[in-house]
Asks: 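I have a structure here, written as structure tokens, and I will follow up with some questions on it.
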Protein chains: 2
Amino acid sequence: MDNPFVRKMERHVRLGPEDRATLDGLARQHVRHVAARQDIEGQHSNPYHAHLILDGWACRYKQLPDGRRAIVALLLPGDLCDPFAFRRVRIDHAIGALTPVTVARITPDQIGDAIRDRPMVEECLWRELLATTAIHREWIASVGRRSAIERLAHLFCELHLRLSRVGLADGATVPMPVTQPDLADALGQTSVHINRTLKELRTSGLVTLRGRLLTIRDLDGLMERGLFDPTYLQLA
Amino acid sequence: MDNPFVRKMERHVRLGPEDRATLDGLARQHVRHVAARQDIEGQHSNPYHAHLILDGWACRYKQLPDGRRAIVALLLPGDLCDPFAFRRVRIDHAIGALTPVTVARITPDQIGDAIRDRPMVEECLWRELLATTAIHREWIASVGRRSAIERLAHLFCELHLRLSRVGLADGATVPMPVTQPDLADALGQTSVHINRTLKELRTSGLVTLRGRLLTIRDLDGLMERGLFDPTYLQLA
DNA sequence: CGGACAACTTAACACAGGTTGGCGCGCGTT
DNA sequence: AACGCGCGCCAACCTGTGTTAAGTTGTCCG
């Protein structure tokens, strides 16, 4: 009854009770807990099943040979870690838990069966894939052409929207359980500079970040500061 | 007989003559020419058909409200511009020709028919989608965590490999028909700094770039300089 | 052949963001 | 209670890259 993937999808497509039951069933089996800072999938691993995040935050990251880490995606509850798992490809990056994480393991066969029984499931997976790709593009644009403060503002807008869709936003307040070094690796900067930028967003009255909770004081202002155009996420 | 998409796919999957004929047929109809600096699809447009690049280079780009441009992908001969076209989504970016470009327009119906007749076509499309996604991730890591010279070296390695796959590399020499401002927008830098970095790559004997032709003098050295690990493109 | 315009190239200067280092707090461990 | 340690926070300094501007080359077209 509490599947974040279903909550997300219901915003976009009309799900019948059987669709919901099918999607729910996928996420009930093989539930696993992963400690913070632990890998869910290692770099160059060859996953035979997909993971759906039920709780906690994870990230897709690449480690450069000299230790630099680039986080290329943030994975929130309701997100699918390995949308291509059924193709049995060797992945070129790792998936790591940023906080303690609860995931459901889903086998390719289960996905195949679900799609055959309920065509709407395929529709949902396509939407998921599209949204992920759109976010990738937006991140490239961000890291490439936005300034430090624009990047951070943009990310906060994105996360606010994504968390809202799975019912994890309490009004303008959303959980933000990641460390500043994590944010730095996601935005292509240093934790020191993240700290500076955060302070600037705070003193200009746009956000407050305390105790792993982000409160957006002025959403319009934040969106403007981050040149945020929400259409890329909506897919409607 | 000269379809770059087929040339690319044959590296990875075994195509029968009918597969080849089907893929070839897709690219024979509705061939269109687009001038350099012209859009193939505008930002926020709603493409009803996919485009396959037959000749020339294009890019996927986002324009920020104040005019900054971020190139989020380079599209080479054999690349598909709108792999999601059959989903009828409104795209969040534009596709522009960097050089004069020849494209084949493909309708969703044609793709559907082709997949139904020849299952291998679907396999090919999946591979294409996977490769594109892997490149996206690599670009995020590049812009986020690689230095200017590493980024440029990495891009040259990537392009060399991608162009080789469609038979457009003459040994260590590949066409490089884009301007330095274009490279700058793709790598998140300024054309001035691209110029500096290019000079550095030249003086260290790694590449020469003359008359829209890039020659790689020392591929191993270039790969090392760019922290380039080719596995992400192979998908085998 | 010559003019126009875009792209390339270089130099001087400016600044955003990186680096280093230090302090304090909160929390888990013993 | 004491310790360790990762994280938040801040300041001083440094550097890679951006900015501006100007001269040079290349290329297209009349």
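Everything numeric in this text was worked out from a predicted model, so none of it was measured. Just so we're on the same page: letters track the sequence lines, and every chain starts at 1.
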Asks: What I'd like to find out is whether the side chain of Asp79(B) reaches to under 4.5 Å of the side chain of Thr132(B), using heavy atoms alone.
Replies: no
Asks: Could you name each residue pair satisfying salt bridge (charged side-chain N to carboxylate O under 4.0 Å, His left out) that touches residues 53-65 of chain B, not counting sequence neighbours?
Replies: Glu138(A)-Lys62(B), Lys62(B)-Asp92(B)
Asks: Please check if atom CZ in Arg137(B) has more than 12 non-hydrogen atoms from other residues, nucleotides or ligands closer than 6.0 Å.
Replies: yes
Asks: Take atom CD in Glu224(B); do more than 12 heavy atoms of anything else shown fall under 6.0 Å from it?
Replies: no
Asks: Does Glu41(B) have any salt bridge (Lys or Arg N to Asp or Glu O under 4.0 Å) partners at least two apart in sequence or in another chain, and if so, which?
Replies: none
Asks: Would you give the length of the straight line joining atom CZ of Arg32(A) to atom CG of Leu54(A), rounded to the nearest 0.5 angstrom?
Replies: 11.5 Å
Asks: Quick one, which residues of residues 144-158 of chain B touch DNA chain D with a heavy atom under 4.0 Å?
Replies: Ser147(B), Ala148(B)
Asks: Sort and list the pairs that fulfil salt bridge (charged side-chain N to carboxylate O under 4.0 Å, His left out) and have at least one residue in residues 195-212 of chain B, not counting sequence neighbours.
Replies: none
Asks: Check DNA chain C against residues 57-72 of chain A and give the residues with a non-hydrogen atom under 4.0 Å, in numerical order.
Replies: none
Asks: Considering non-hydrogen atoms only, spot the tightest contact between Leu152(B) and Leu187(B) and give its length.
Replies: CD1-CD1, 3.5 Å
Asks: Using five pairs at either end of the helix from dC1(C)-dG30(D) to dT30(C)-dA1(D), determine the angle between the two local helix axes and round it to 10 degrees.
Replies: 50°
Asks: Identify the 5'-most and 3'-most nucleotides of DNA chain C with at least one atom closer than 4.0 Å to a non-hydrogen atom of chain A.
Replies: dG17(C) to dT20(C)
Asks: Taking ring pair (Phe, Tyr, Trp, His ring centres under 6.0 Å) as the test, write out the residues that go with His49(A), two or more places apart.
Replies: His51(A)
Asks: His193(B): what forms a ring pair (Phe, Tyr, Trp, His ring centres under 6.0 Å) with it, not counting sequence neighbours?
Replies: none
Asks: What parts of residues 185-201 of chain A reach DNA chain C, counting only heavy atoms under 4.0 Å away?
Replies: Gly188(A), Gln189(A), Thr190(A), Val192(A), His193(A), Arg196(A)
Asks: Rounded to the nearest Å, what distance is computed from the CZ atom of residue Arg210(A) to the C1' atom of nucleotide dG8(D)?
Replies: 13 Å
Asks: Which heavy atom of Pro175(A) sits nearest a heavy atom of Trp57(A), and at what distance?
Replies: O-CZ2, 3.4 Å
Asks: Taking only residues two or more places apart in sequence, or in another chain, which ones meet Phe156(A) in a ring pair (Phe, Tyr, Trp, His ring centres under 6.0 Å)?
Replies: none
Asks: Tell me whether the count of non-hydrogen atoms from other residues, nucleotides or ligands lying under 6.0 Å of CZ in Arg146(B) goes above 12.
Replies: yes
Asks: Please examine the side chains of His44(B) and Ile91(B), heavy atoms only from C-beta on, and report whether any two atoms are closer than 4.5 Å.
Replies: no
Asks: Tell me which donor-acceptor pairs under 3.5 Å the side chains of residues 64-76 of chain B have, and how far apart each pair is, sequence neighbours excluded?
Replies:
from, atom 1, to, atom 2, distance (Å)
Asp66(B), OD1, Arg68(B), N, 3.3
Asp66(B), OD1, Arg68(B), NE, 3.2
Asp66(B), OD2, Arg68(B), NE, 3.0
Asp66(B), OD2, Arg68(B), NH2, 2.9
Arg68(B), NH1, Arg145(A), O, 2.7
Arg68(B), NH1, Glu150(A), OE1, 3.0
Arg68(B), NH2, Glu150(A), OE1, 3.4
Arg68(B), NH2, Glu150(A), OE2, 3.0
Arg69(B), NE, Asp185(B), OD2, 2.7
Arg69(B), NH2, Asp182(B), OD1, 2.8
Arg69(B), NH2, Asp185(B), OD2, 3.0

